[in-house]
Student: 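The structure's right below; bear with me while I get my questions together.
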Amino acid sequence: MKQIFALADCNSFYASCERVFNPALAGRPVVVLSNNDGCVIARTAEAKALGIVGFEPFFKYQHLIATHDVAVYSANFTLYGDLSNRVMAVLRGFAPQTEVYSIDEAFLILTGMAVDPDAYCRCIRDTVRQWTGLPVSIGIGPSKTLAKLANRIAKKDPAHGGVFDITGRPDADALLAGIDVQDVWGVGRRYAKFLRTRGIGTALALRDLPDTFVKKHMTVMGLRTVEELRGNPCISIEETRKPKQAILTSRSFGRDIQTERELREAVAEFTAMCAEKLRAQRSAAAFVMVFLETNGFRDAPQYSNAATIGIAEPTDYTPALLAAAHQGLARIFRPGYLYKRCGVLLSGIVPKAAAQLDCFAAAGGNAGHAQKVALMGALDAVNARWGRGTLKYAAAGVERSWKMRQLRLSPRFTTQWEDLPVAKAV
DNA sequence: TCTGGGGTCCTAGGACCC
DNA sequence: TCTGGGGTCCTAGGACCC
């Protein structure tokens with residue numbers, strides 16, 4: 001049976017989230033900034049129309065902000081994550097199989113459902129809008145890659161009303177000819193440049209390339225993409241999230257950092273955040289990597305380095321990970337540089353139940369195990385209930401000189417009682 | 001001068017995604 | 001003044017083994 005894939009993707013997701021709780025933003029250009037208020041990471045149609053480009057540094061657009069009444073927000077991932085969960089819950093109600101692909105996208109399998117895909121997806125779109133307040137566009141096709149492409153068409157041309165089905169269209173070739181090769185899922189900047197120099201500039205031209213050429217220059221991944229463009233699905237739906245193989249927490253600092261003391265605080269905080277994610281997926285880690293770097297945009301001496309520390313017994317216990325992380329930092333820290341960014345990466349991740357016990361641990365070394373489990377459980381529960389950072393390690397510091405700049409943060413409307421919007425009777 | 005061959009495992013680096 | 005963060009997968013090449 002021919003498979004039917006649908007891709008639901010929220011429009012300007014982060015910016016739309018800000019609008020949900022602030023109706024005065026309707027019709028106004030809205031942009032959301034990356035951590036440290038550095039880059040523009042989301043923008044509404046009105047902001048796009050002003051010429052604001054995604055992933056460009058925000059300061060380039062300062063002049064537009066006042067003159068065009070642009071609303072600007074620091075990224076509020078707590079809010080966006082919560083609204084994302086709501087959207088995904090609605091989508092799950094419409095298809096037997098779904099895959100949450102990113103914070104604002106999900107694939108749905110409509111194969112075998114006794115519905116007209118186009119009409120059904122219009123119903124999905126209306127329901128998401130009504131139940132969450134968020135606008136979503138849906139693309140439909142015989143493979144994930146074509147569903148992605150159809151989604152792009154749905155978004156681009158308002159005449160489609162936010163839903164587009166590319167399946168079995170007589171003008172499919174013309175549609176593919178209208179898509180830049182770099183807009184194909186799986187073709188990034190490098191491959192696009194390579195293809196263009198060989199005269200392959202559109203999705204259509206890519207689809208019709210010989211397999212051998214694609215395999216040779218774009219590996220089996222490229223071949224998969226081309227097959228999908230031909231309508232032969234070879235990327236399947238993954239309903240259950242596999243446990244992550246690497247867990248990373250890293251940040252650019254709000255200002256340059258010079259001392260190891262301050263870096264130790266940042267590393268402690270990042271390690272604690274990694275450990276929390278690790279425990280959430282019931283895993284343990286065997287390696288902790290720490291890296292730090294100076295600001296590559298600055299005309300100052302540059303330095304970057306990383307160290308990986310192995311842990312005898314894979315663990316999810318924050319203090320053990322913290323000790324390793326600080327050991328790694330000590331190994332790579334060099335005084336005299338202006339540091340801009342650092343991070344902690346956990347790897348060697350195994351299911352906690354299968355974690356290999358350390359044969360060399362001192363006798364009784366595991367005696368405190370139950371207490372450690374209880375302690376971490378309590379820590380995570382408190383932080384989940386009362387907000388991240390309610391309980392934290394003293395090593396993460398109180399000064400927090402490294403913290404991000406977030407000057408335009410919206411309230412956490414959905415996750416903090418004190419930020420709950422209040423409806424006033426007039 | 002001549003200098004096997006085949007296999008596995010691991011890591012670094014490069015490509016991609018949102 | 002001001003330039004994000006968190007992931008995945010594949011390949012090439014080296015180490016090591018017999």
Side-chain angles (χ1 to χ4, degrees), chain A residues 7-14 31-42 53-63 65 72-77 80-81 84 99-107 144-145 148 151-152 181-195 214-225 228 234-235 238 241-256 266 270 273-274 277-278 281 286-287 289 291 293-300 306 308 310 338 340-349 404-408:
Chain A
L7 175 70
D9 186 330
C10 298
N11 305 349
S12 313
F13 181 59
Y14 302 153
V31 302
V32 174
L33 307 181
S34 63
N35 284 333
N36 284 309
D37 296 346
C39 285
V40 174
I41 56 170
V53 178
F55 300 95
E56 285 287 302
F58 173 58
F59 68 84
K60 287 189 181 176
Y61 299 111
Q62 285 285 8
H63 62 284
I65 301 310
V72 180
Y73 290 94
S74 304
N76 185 344
F77 290 109
Y80 311 151
S84 171
E99 174 190 344
V100 176
Y101 180 68
S102 74
I103 192 166
D104 71 333
E105 282 173 75
F107 287 101
K144 279 181 157 183
T145 302
K148 273 265 197 193
N151 186 285
R152 199 178 177 82
V181 73
Q182 203 187 317
D183 294 336
V184 174
W185 191 38
V187 179
R189 247 199 7 243
R190 298 297 293 266
Y191 283 150
K193 190 176 167 199
F194 166 82
L195 290 167
V214 176
K215 172 95 190 288
K216 181 172 175 204
H217 293 107
M218 302 170 70
T219 82
V220 296
M221 302 292 277
L223 199 52
R224 212 177 286 173
T225 296
E228 288 243 319
C234 35
I235 306 175
E238 284 172 21
R241 272 263 178 271
K242 282 179 254 165
K244 294 187 198 324
Q245 300 169 42
I247 291 175
L248 172 72
T249 303
S250 72
R251 292 285 184 279
S252 295
F253 306 130
R255 61 172 179 77
D256 294 328
F270 300 162
M273 290 165 73
C274 283
K277 297 180 205 169
L278 186 70
Q281 67 169 32
F287 297 96
M289 183 181 92
F291 63 89
E293 37 192 66
T294 49
N295 187 348
F297 289 101
R298 252 177 103 117
D299 184 20
T308 301
L338 302 171
K340 180 60 180 176
R341 182 179 146 83
C342 86
V344 173
L345 176 87
L346 304 184
S347 64
I349 290 178
M404 294 187 295
R405 191 176 29 217
Q406 292 181 302
L407 299 177
R408 307 156 183 270

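Heavy atoms only: backbone and side chains are in, while hydrogens, waters and symmetry mates are out. Just so we're on the same page: letters track the sequence lines, and every chain starts at 1.
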Student: Name the residue closer to the 5' end of DNA chain C, choosing between A/G38 and A/M221 according to the nucleotide with the nearest heavy atom.
Tutor: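 With A/G38 and A/M221 compared, the 5'-side residue is A/G38.
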Student: On a heavy-atom basis, which atom in A/L223 and which in A/V214 lie closest, and how many Å separate them?
Tutor: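 Reported closest heavy-atom pair: N-CG1, 3.5 Å.
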Student: OP1 or OP2 of C/dT3 less than 4.0 angstrom from a side-chain nitrogen or oxygen of A/R298, does that happen here?
Tutor: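 The answer is no; no side-chain N or O of A/R298 sits under 4.0 Å from OP1 or OP2.
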Student: Starting at NZ of A/K193 and ending at P of B/dC16, how long is that distance when rounded to a whole Å?
Tutor: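 Rounded to whole Å, this separation is 12 Å.
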Student: From CZ of A/F270 over to C1' of C/dG7, roughly how many Å is that when rounded to an integer?
Tutor: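 It works out to 17 Å between those atoms.
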Student: How do A/L248 and A/I41 order along DNA chain C: which one's closest nucleotide is nearer the 5' end?
Tutor: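 By nearest-heavy-atom nucleotide position, the 5'-most residue is A/I41.
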Student: Just the rounded figure in Å: distance from P of C/dG6 to CD1 of A/I103.
Tutor: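 Computing the A/I103:CD1 to C/dG6:P distance gives 12 Å.
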Student: C/dG7 P sits how many Å from A/Y101 OH, rounded?
Tutor: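 In whole Å, C/dG7 P lies 14 Å from A/Y101 OH.
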Student: Could you state the atom-to-atom distance from CG of A/L223 to C1' of B/dA15 in whole Å?
Tutor: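 Atom CG in A/L223 sits about 16 Å away from atom C1' in B/dA15.
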Student: Under 5.5 Å centre to centre and under 30° between planes: does that hold for A/F59 and the six-membered base ring of C/dT1?
Tutor: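 Ring-base stacking flag not set for A/F59 and C/dT1.
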Student: Would you say a side-chain N or O of A/K242 is under 4.0 Å from OP1 or OP2 of C/dC9?
Tutor: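 Checking C/dC9 against A/K242, a side-chain N or O does come within under 4.0 Å of OP1 or OP2.
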Student: Need one value for A/D104: base, sugar-phosphate or nothing, where a base atom within 4.0 Å counts as base even if backbone is also close, heavy atoms only.
Tutor: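 Here A/D104 touches the backbone only, sparing every base.
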Student: State, to 0.1 Å, how close A/F291 and A/S250 come at their nearest heavy-atom pair, and which atoms those are.
Tutor: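 Scanning both residues, the minimum pair turns out to be CZ-CB, 3.7 Å.
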Student: Please determine if a side-chain N or O atom of A/S250 lies less than 4.0 Å away from the OP1 or OP2 oxygen of C/dG6.
Tutor: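 It does, given that an N or O in the side chain of A/S250 lies less than 4.0 Å from OP1 or OP2 of C/dG6.
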Student: Output the single nucleotide from B/dC18, C/dG4, B/dA15 whose closest atom is nearest the side chain of A/R190.
Tutor: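 For the A/R190 side chain, the nearest candidate turns out to be B/dA15.
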Student: Taking any heavy-atom pair under 4.0 Å as a contact, classify A/R224: base, sugar-phosphate, or nothing.
Tutor: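 Result for A/R224 = sugar-phosphate.
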Student: Is it the case that atom CZ in A/R251 sees more than 12 heavy atoms from other parts of the structure closer than 6.0 Å?
Tutor: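 Counting neighbours around CZ of A/R251, more than 12 heavy atoms of other residues, nucleotides or ligands fall under 6.0 Å, so yes.
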Student: So what does A/F297 touch, heavy atoms closer than 4.0 Å: a base, only the sugar-phosphate, or nothing?
Tutor: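 The answer is base, as A/F297 lies within the cut-off (heavy atoms under 4.0 Å) of a base atom.
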Student: Does A/K244 reach a base, just sugar-phosphate, or nothing at all? Heavy atoms under 4.0 Å.
Tutor: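 Contact class for A/K244: sugar-phosphate only.
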Student: Look at all strands and tell whether A/F55 reaches a base, only sugar-phosphate, or nothing, counting heavy atoms closer than 4.0 Å.
Tutor: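 Base contact - A/F55 has a heavy atom under 4.0 Å of at least one base atom.
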Student: Looking across every strand, which nucleic acid part, if any, lies under 4.0 Å from A/V184 by heavy atom: base, sugar-phosphate, or nothing?
Tutor: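 Contact class for A/V184: sugar-phosphate only.
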Student: Counting neighbours of CZ on A/F77 that are heavy atoms of other residues, nucleotides or ligands and sit closer than 6.0 Å, is the number greater than 12?
Tutor: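 More than 12 within 6.0 Å, yes.
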Student: If you compare all heavy atoms of A/A42 against all heavy atoms of A/Y14, which two are closest, and at what distance to 0.1 Å?
Tutor: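 What the structure gives for the nearest pair is CB-CB, 3.7 Å.
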Student: Could you tell me the separation between the CD atom of A/E99 and the P atom of B/dC17, rounded to a whole number of Å?
Tutor: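 Rounding to the nearest Å, CD of A/E99 and P of B/dC17 are 15 Å apart.
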Student: With rounding to the closest Å, how many angstrom separate the P atoms on C/dC18 and B/dT3?
Tutor: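 Each nucleotide's P atom is 25 Å from the other's.
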Student: Taking the side chain of A/T249 as heavy atoms from C-beta outward, which of C/dT8, C/dG6, B/dC18 is closest to it?
Tutor: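 The answer is C/dG6.
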Student: Could you state the atom-to-atom distance from CG of A/N35 to P of C/dC2 in whole Å?
Tutor: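 In whole Å, C/dC2 P lies 17 Å from A/N35 CG.
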Student: Please state how far atom CZ in A/F253 lies from atom C1' in C/dT1, giving the value in whole angstrom units.
Tutor: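 In whole Å, C/dT1 C1' and A/F253 CZ are 19 Å from each other.
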Student: When both hydrogen-bonding distances must be under 3.5 Å and the geometry is Watson-Crick or G-U wobble, what is B/dG6 paired with, if anything?
Tutor: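 Partner of B/dG6: C/dC17.
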Student: Any idea which of B/dC18, C/dG4, C/dC10 is nearest the A/S102 side chain?
Tutor: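 Of all the options, the side chain of A/S102 is nearest to B/dC18.
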Student: So A/L33, base contact, sugar-phosphate only, or nothing? Heavy-atom distance under 4.0 Å.
Tutor: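 Answer is nothing: A/L33 stays at 4.0 Å or more from every strand.
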Student: To the side chain of A/Y191, which of C/dG6, C/dG5, B/dA15 is closest?
Tutor: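 Selected nucleotide: B/dA15.
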Student: As an exercise, state the distance from CG of A/L248 to NZ of A/K277, rounded to the nearest 0.5 Å.
Tutor: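 Result: 6.5 Å between the selected atoms.
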Student: Would you say a side-chain N or O of A/Q245 is under 4.0 Å from OP1 or OP2 of C/dC9?
Tutor: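 Yes, such a contact exists.
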Student: Applying a 4.0 Å non-hydrogen cut-off, can you work out what A/Q62 is touching in the nucleic acid: base, sugar-phosphate, or nothing?
Tutor: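 Here A/Q62 touches no strand at all.
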Student: Work out which heavy atom in A/E99 is nearest to a heavy atom in A/K144; give both atom names and the distance.
Tutor: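 Answer, listing the atom of A/E99 first, then A/K144: OE1-NZ, 2.7 Å.
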Student: Are A/R255 and C/dC2 close enough that a side-chain N or O sits under 4.0 Å from OP1 or OP2?
Tutor: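 No, A/R255 has no side-chain N/O under 4.0 Å of OP1/OP2 on C/dC2.
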Student: So, does A/K148 get its side chain near the phosphate of B/dC18, meaning an N or O under 4.0 Å from OP1 or OP2?
Tutor: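 Result: yes.
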